[in-house]
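Everything on this sheet refers to the single structure shown next.
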Amino acid sequence: MSGRFRTPSGGRVDRRRTIRFTFDGKSYQGFEGDTLASALLANGVHLVGRSFKYHRPRGIVTAGSDEPNALVGVGVDDAHYTPNLRATQVEIYDGLVAESQNRWPSLNFDVGAVNEVFAPFLSAGFYYKTFMWPRAAWAKLYEPLIRRAAGLGRAPEQPDADRYTQVYAHCDVLIVGAGPAGLAAALATSASGAKVFVCDEQAEMGGSLLAEKTAVIDGLLAADWTAKALADLAARTNVTLMPRTTAFGWYPHNFLGLCERITDHVAKADPKLPRERLWQVRAKEVVLATGALERPLVFPDNDRPGIMMAEAARIYANRFGVKPGDKALIFTACDSAYRAALDLKAAGVAIAAIADLRAAPGGLWVDRARAAGIDVRAATVVTGTSGRLRIDSVSLAKLGPDGRTGASETIACDLLLMSGGFTPSVHLFSQSRGKLVYDEALQAYLPGASVERERSVGACRGISDLDTVLNDGAAGGSGAAQAAGFAGALGGTFAVHTDSVGTDGFIGVTPHGGHPSKTRAWIDFQNDVTAKDVKLAIREGFRSIEHVKRYTTTGMATDQGKTSNMNALGLVSETLQIPVPQVGLTTFRPPYTPTTFGIFAGQSRGDLFDPLRQTPIHDWAVAQGAVFEDVSLWKRAHYFPRAGEDMHAAVARECKATRQAVGIFDATTLGKIEVVGKDAAELMNRMYTNAWTKLEPGRLRYGVMLREDGFVMDDGVVGRMAPDRFHITTTTGGAPRVLAMMEDYIQTEWPDLDVWLTSTTEEWAVIAVQGPLARKVLEPLVEDIDLSREAMPHMSVREGKICGVPTRLFRVSFTGELGFEVNVPAGYGRAVWEAIFAAGKPYGITPYGTETMHVLRAEKGFIIVGQETDGTVTPDDAGLSWAIGKAKKDFVGKRSLARPAMTASDRKQLVGLLTVNPKTVLEEGAQIVADPAQPIPMTMLGHVTSSYWSTTLDRSIALALVRGGRARIGERLSVPMPDGPITVELVEPIFYDPKGARLDA
Amino acid sequence: MQNYSAFSLFKQALGGHAGWQKQWRSPEPKAEYDVIIVGAGGHGLATAHYLAKEHGITNVAVVEKGWLGGGNTGRNTTIIRSNYLFDESAALYEHALKLWEGLSQDLNYNVMYSPRGVLMLAHNIHDVQSFKRHVHANRLNGIDNEWLSAEECKEFCPPLNIGAMRYPILGGALQRRGGTARHDAVAWGYARAADARGVDIIENCEVTGIRRGVNGAVEGVETSRGFIRAKKVGVSAAGHTSVIMDMAGVRLPLESYPLQALVSEPVKPAFPCVVMSNTIHAYISQSDKGEMVIGAGTDAYTSYSQRGALHIASHTLDAICELVPMFRRLRMLRNWGGIVDVTPDRSPIIAKTPVPGLYVNCGWGTGGFKATPGSGNVFAWTIARDEPHKINAPFTIERFRDGILIDEAAAAAVAH
Amino acid sequence: MPDLAIRENSLGRLASAARTIPAAMLTVLPDAAKLLFRGRPSSIDAAGKAFGIALPMEACRFATSGNRTAYWLGPDEWLLQAVGEDSAALFAGLAAALAGHSQSLVDVSHRSDAFALSGPQAAYILNHGCPLDLSLQTFPVGMCTRTIFGKATIMLSRPAPEVFHIDAWRSFAPYVWQLLDEARSELA
Amino acid sequence: MLLITCPHCGPRAELEFSYGGEAHIARPIDPTGLDDEAWATFLYKRSNPKGVHAERWRHLHGCGRFFNVLRDTISDTIVTTYPAGQPRPALPSDGKENAR
Ligand SMILES: Cc1cc2nc3c(=O)[nH]c(=O)nc-3n(C[C@H](O)[C@H](O)[C@H](O)COP(=O)(O)OP(=O)(O)OC[C@H]3O[C@@H](n4cnc5c(N)ncnc54)[C@H](O)[C@@H]3O)c2cc1C
Ligand SMILES: NC(=O)c1ccc[n+]([C@@H]2O[C@H](COP(=O)([O-])OP(=O)(O)OC[C@H]3O[C@@H](n4cnc5c(N)ncnc54)[C@H](O)[C@@H]3O)[C@@H](O)[C@H]2O)c1
Ligand SMILES: Cc1cc2nc3c(=O)[nH]c(=O)nc-3n(C[C@H](O)[C@H](O)[C@H](O)COP(=O)(O)O)c2cc1C
Ligand SMILES: [Zn+2]
């Protein structure tokens, strides 16, 4: 048996499959098909949580995703723990572990409930009015207290063990909601052959039909019709049914985010499966069939466990075979609660009375209730309730025609059902930016004009009776198919036997006669917002509904006001004496219901977070024990430590080997672009500061590229391979930027130029062989290239073969030594590297990483774009005016260089720095001042851009940008550090072989 | 102005809170004001407050097309810090930070300024160099900012994953005085204080035109509630600045982009400080109510639609889940957008315009909440005296013509 | 001198450890000579003649003949691929035929590696990172395009209803492969 | 994520594109002939309209071509796309209504 409150039969749960689970450590049983809420109710458990602010005992209010109260934490361990799940949505499975939240030490006895005592002081926004003295106390004392009190569930403390996936999908028609409207739409649309997706957030499709016992559709009982419709749809290959899938967000151009929950409901999930999947659906047409949500009534003490929505109680009885209580009292403003009362009575729940807010309720349902012997009381309101952890009685009073309440009568019950009518679920429609229109008769906002390609059908657009809902769905479905370009959709009609429950309802606070400042009638259950709070906000001048929301926090809880927003609107409207539509609405935002972070991250985690780019030589470097650094998406070898070496020792050794013998460096990550066409040189002239016309084929030149605003964007060595062909190199991180900018100018400014670009970054592996012995190492490996000084001078390029594979061999040096950069097709990179390494062995060839590369180039005063420059540096600042083609009339960025501030003499300019104490190595980023004794704030003259220990020079060296620096060369300045100033001398930014004799070797 | 204190709260509680006064009035616009501020965001309201408080100009209207505080002030991730690189920006943001420190008391409104520390993470050597440059420059400017090793980052913010990830954390720059404040309270506190000094805050009043006299000078603003006369008009309309300046025939170097933020469901305290990572695009802190407040990036394109694309939010959450893998199971509660106005150098403009009597405060992009008190303060000065305060003197419109840019982002690739 | 003309494929290691998942198979495609041709309209015929396949003029289509395929990549851009051929010879031949034309020819044989994703679930798996509508109506056999997969650019083509070819730049190829492999885990 | 119709490849997801800022801002033929104000206008000043915006997109992860798009910046609705180099099509509803 699964609890005393289980009906003897009926419902859609599988009574043959008993399921065991625990809640707050106590074990319970339920049936397959139960939600945690239905299973707890079957066991007589109503108290499941505590409210946010006052820690009031709270029970289960709804049967769906709109549940504000019954929030639980679920998970056997922290790696699988999820806080704030709605018990009404959690499907139970064997071994499920759930716990209540926001209570200590226990749910029944919660110390936090002392807040109740302070409740009079904890009015809306109380924290804005106090805790200001003493100044420091807010952050130190008050805030931590408030933070601890707030916050509902606890975050898991272990990394999530599950995986999540993301997938894009396209369909002709996406139908959201598989109630009668959605199913009818799906049947119609899919008959046309259109590709249709149908998603519903619930485990079972059918929506309100799943709780329907008497209606007959096309001669079938609702349940049978639903089963048949679903079977029909499932059999159609153009239909995809997606249960447990919430459409949570609508983004521009009919792009919707759907969250599918895959494993949370199973005890032993297939480990291959993701926990949840994000569907990113682009739909030609969307049909919204999202139904309507029942509204609570707002009356004094309406928040006790045992107070529930009438339709939810009906769902528990009809769909789950659960009696939510023994004796129910019903408080309603509409007919549907009568239907609920009758169904509950049939399930064995005693109905104490129906209190109807309406003056003279009548008609079919009222008659039926009366005929069933139910005590129906017209013009009657609830004026209060009692019961600490569960409701035990209700006070009723007659409502006079003047709106006053009469004497009250107390009726014992363990269940109070309420219904204020239904609010259409227009969330997604509104997210799509469609305009909502207020319908006075329905007291509801309905979808008006569309912005996107969508239509709403059924209860979500205010249509409520099953026959009209079905026909509306069918019409909407065929309309959508037609709009998506599919003729022949069947918009047939349905023959339905059912009885209308009308569209009555109520918004706002029901009359109760209580003292306005003493009674508490909850509007937003989860955030503990009472009618009093809303009125206070208005009294304090918060007139806009947006202000009321933010001041009181109504509608800001995890249910986003699904049950509360209309009542808040009603109350504001009444208090301000302005019509509801003039009060306005707060904005509907994604997600429709809270959505796991994991699905947004999807597969982008760990090494797949970003592409991890590796060169063909990467694995070799790994085998050699290299330490890597991240440079944009690339992994680059930073240095190659030998046993016992730290970075400094390794770099010193690598530098020394390269200066004295030969080093080998993987420069593959450099960006490369092939510029081809008869106007190639012209394009180069326009894009780079340099002049290119005269560069002969077979020669290299260092090029500088600016942004149009005049600041250095990139640099690199460029080879002219032929009159109409250049081989550009760029910085590692800059390659995509440079290519994009050049392509932009070619396509949009100079389409007349005959020139084309091709990225060749990944075509070539680049092996830099640098050092006095470089030529010796390479000579035996190359065919048909004369490496001699005379035949192949510094800054030249030759094509030929190395180790039998084609190469573009650059004679170039970023180290200041004799050097070559061997470009070979990337697939041969590793092999050629190893061959060169083997050939270099006798000469002591030493692999070096980016750190050594940086030191060697700094000794030569070569800049690194991004280190010496930072997006505010002109070529002249960086000492590169020599690279500007003086005779050129124009190039990208030239005009900007003529602006007043760009030519000022006190701009920061590149200089060298030598510390007076040669052993002191400056910190990169350290600031430079004239007088370290000046008071703070100091006048800063510049900063250290690069700083290293130079083994070659046996002293420290640094590069810096200093205000008017070139004119200050020879001066001494100071670098004030926390433990004292460091005196530095400004020198030319070149420390080693200033004449360049070594590169020319 | 009614005094707010624990005592007054206590007293009012006994009286059923019946005695609380309106925090601000909802006056009808007068025919004429000395100064009109366009836009009742934090900046506009602060400007009005300081005009009244520090310059004695109380015949001021703040006109707002919607509800006050409903612009970016009400939709930002509330990160406050002042550890900017350049002297100009450092001075401006530090001026603001000093005001933040006493703001609750100044306004008699608890804005919940919470200096819990802002930690900016470095994921590569370039980040390290750039952050250290900030640390040193800040130190010499008298602004607190310190370098933490990866282990120290972890100690300061235990939930952080500093190890196995695509871009491991190499360290971070921590400004301990940085933190957050309650966005709404800032708008409301300024509104209440300004109102108490006589400023008219006129909501639901959209500026639709700027009237200029024959000499070109400003005469007032056309609004959805009629013409309102004033010789001085200060525009503080954030994302909508271009639209309003267009009314006066002034084109500014601005583009408006959607910027998104999102919150998780509330949980018990689980994240002690503010963490920013520009390299992988993640900004996170936990609010006093318990939500994780997370900032995403801007969309690629300009827009006034006040929402953003799903892939932008996804990209932020993948970063958050890498930084704090136990948050992968938290759930997004709400995701919204704002419209931020961005200048070419990502620094603001607080200046006089070519139109006499027209002043503008704009271009705060993704990072102007932190500046609210300082910006309002110097903008008020600029309007009152018809000349910039020395702190905002560099933040002119002309700097773009002359090339005197204040490009924090270019200097460091650091967003706000 | 060592003869090193043995090409290393960036996917070699992943391919040798690939799981057999029939619903979505991952297999490395053989090396090929690949030339990127861009040029003025007047040069297109000559390029097609020299290559032996008229370059497809319809957007996003490829044409195959024997071991050679011409992929339309953009209105002035085609990838000319010859499986198993030597790129230098191919280049020389085309370059000669194109002399005097306004065009650009670049050898990109080593820039990318290619692999196939095949099986009844291939499109579904591809959609884990690729936002295209891969139904046969919108992405028919014979279609090719550059597109995005996760955070990488790929060239995607469909030689058969359940076969996709993915050509990705060398350093991105392992990422694309691994992301697909991760996605197809659920079919294992 | 927007759905943008590339004039060559048809409708594609925004992810395949890169945004290129406002359209129809031609680089001056002779920048040196411009005064600082005019140059700054070219460099920095954009119309930033609330309404229909002519802007450049590039089908970066596609055919690689730049083209122009008219998009309503209020609703993000795309009104039309047209090749680079063509003048902005006139719209009956310029700046106001957003066509579907
Ligand atoms: C998602 C997001 C996250 C952010 N995160 C941070 C952060 O962490 N830290 C930080 O420092 N900054 C952040 N910012 C930036 C910050 O929010 C803004 O820079 C700052 O709030 C701007 O304040 P404001 O008062 O100038 O503008 P707003 O608050 O936007 O006020 C401008 C007002 O002008 C009104 N207006 C516009 N047009 C008219 C008209 N025609 N007539 C009348 N009124 C008009 C608007 O309605 C609005 O109320 C973020 C911004 C966003 C959107
Ligand atoms: N007065 C009323 O408007 C009213 C009130 C209650 C019930 N009804 C009855 O309800 C029926 C109306 O049928 P219907 O089909 O319009 O509604 P429905 O409530 O039967 O179905 C709506 C379905 O949409 C799903 N859904 C809602 N939002 C979703 C989202 N974002 N993502 C995924 N799924 C989502 C729900 O889980 C539900 O299954 C009629 O039979 C009517 O009698 C009407
Ligand atoms: C710091 C911060 C915290 C927020 N916390 C919540 C929250 O707990 N619940 C909620 O519903 N919205 C929260 N919001 C979002 C607002 O509800 C709202 O989305 C935002 O102010 C933008 O307004 P709009 O969505 O009405 O356009 C928060 C906003 C900010 C700026
Ligand atoms: Zn295209």
Side-chain angles (χ1 to χ4, degrees), chain C residues 36-41 44 55-62 70-79 104 106 108 111-112 123 126-135 137-140 142-158 166-169 172 175-176 179, chain D residues 1-27 29 52-90 98-100:
Chain C
L36 199 95
F37 167 76
R38 302 187 70 172
R40 295 283 181 206
I44 296 169
L55 305 191
M57 299 304 289
E58 188 185 344
C60 303
R61 289 296 181 274
F62 64 86
Y71 297 92
W72 183 99
L73 286 183
D76 69 349
E77 182 177 357
W78 286 263
L79 184 74
S104 149
V106 177
V108 292
R111 182 171 79 164
S112 59
L126 248 182
N127 272 139
H128 281 68
C130 172
L132 289 174
D133 180 354
L134 298 173
S135 63
Q137 295 87 299
T138 49
F139 202 107
M143 179 160 167
C144 66
T145 182
R146 248 186 316 239
T147 181
I148 194 145
F149 183 80
K151 295 171 186 168
T153 313
I154 59 171
M155 186 186 91
L156 182 68
S157 57
R158 186 175 215 164
I166 294 158
D167 186 282
W169 287 6
F172 288 97
Y175 163 83
V176 176
L179 207 53
Chain D
M1 192 179 8
L2 307 182
L3 185 67
I4 302 171
T5 301
C6 167
H8 305 283
C9 310
R12 294 292 180 93
E14 180 194 332
L15 286 182
E16 290 189 357
F17 299 84
S18 60
Y19 180 69
E22 185 165 13
H24 308 300
I25 298 185
R27 186 173 191 272
I29 304 288
V52 177
H53 185 226
E55 60 198 21
R56 304 171 340 129
W57 287 84
R58 181 177 176 216
H59 196 188
L60 177 65
H61 309 283
C63 65
R65 307 312 291 179
F66 278 87
F67 59 96
N68 295 331
V69 173
L70 287 188
R71 182 177 54 90
D72 185 327
T73 61
I74 302 169
S75 64
D76 295 328
T77 312
I78 290 177
V79 183
T80 187
T81 63
Y82 55 103
Q86 277 189 13
R88 172 186 170 138
N98 33 19
R100 182 142 165 189

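Just so you know, these numbers come straight off a predicted model, no measurement behind them. All chains are named by letter (A, B, ...) in the order of the sequence lines, taking the proteins before the strands, and each is independently numbered beginning at 1.
Contacts with chain D were tallied for C/Ala59, C/Gly74, C/Cys60, C/Pro75; C/Pro75 has the most, counting heavy-atom pairs under 4.5 Å.
At a 4.5 Å heavy-atom cutoff, the contact between C/Leu132 and chain D is made by side-chain atoms alone.
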Distance-only donor-acceptor screen, chain D against chain C, under 3.5 angstrom:
| residue | atom | partner | partner atom | Å |
| --- | --- | --- | --- | --- |
| D/Arg12 | NH1 | C/Thr145 | OG1 | 3.0 |
| D/Arg12 | NH2 | C/Thr145 | OG1 | 3.1 |
| D/Glu16 | OE2 | C/Thr147 | OG1 | 2.5 |
| D/His61 | O | C/Thr147 | N | 3.4 |
| D/His61 | ND1 | C/Thr153 | OG1 | 2.8 |
| D/Gly62 | O | C/Arg146 | NE | 2.8 |
| D/Gly62 | O | C/Arg146 | NH2 | 3.1 |
| D/Arg65 | NH1 | C/Asp76 | OD1 | 3.4 |
| D/Arg65 | NH1 | C/Asp76 | OD2 | 3.3 |

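Nearest heavy-atom pair across C/Ile148 and D/Leu15 is CD1-O, 3.9 Å.
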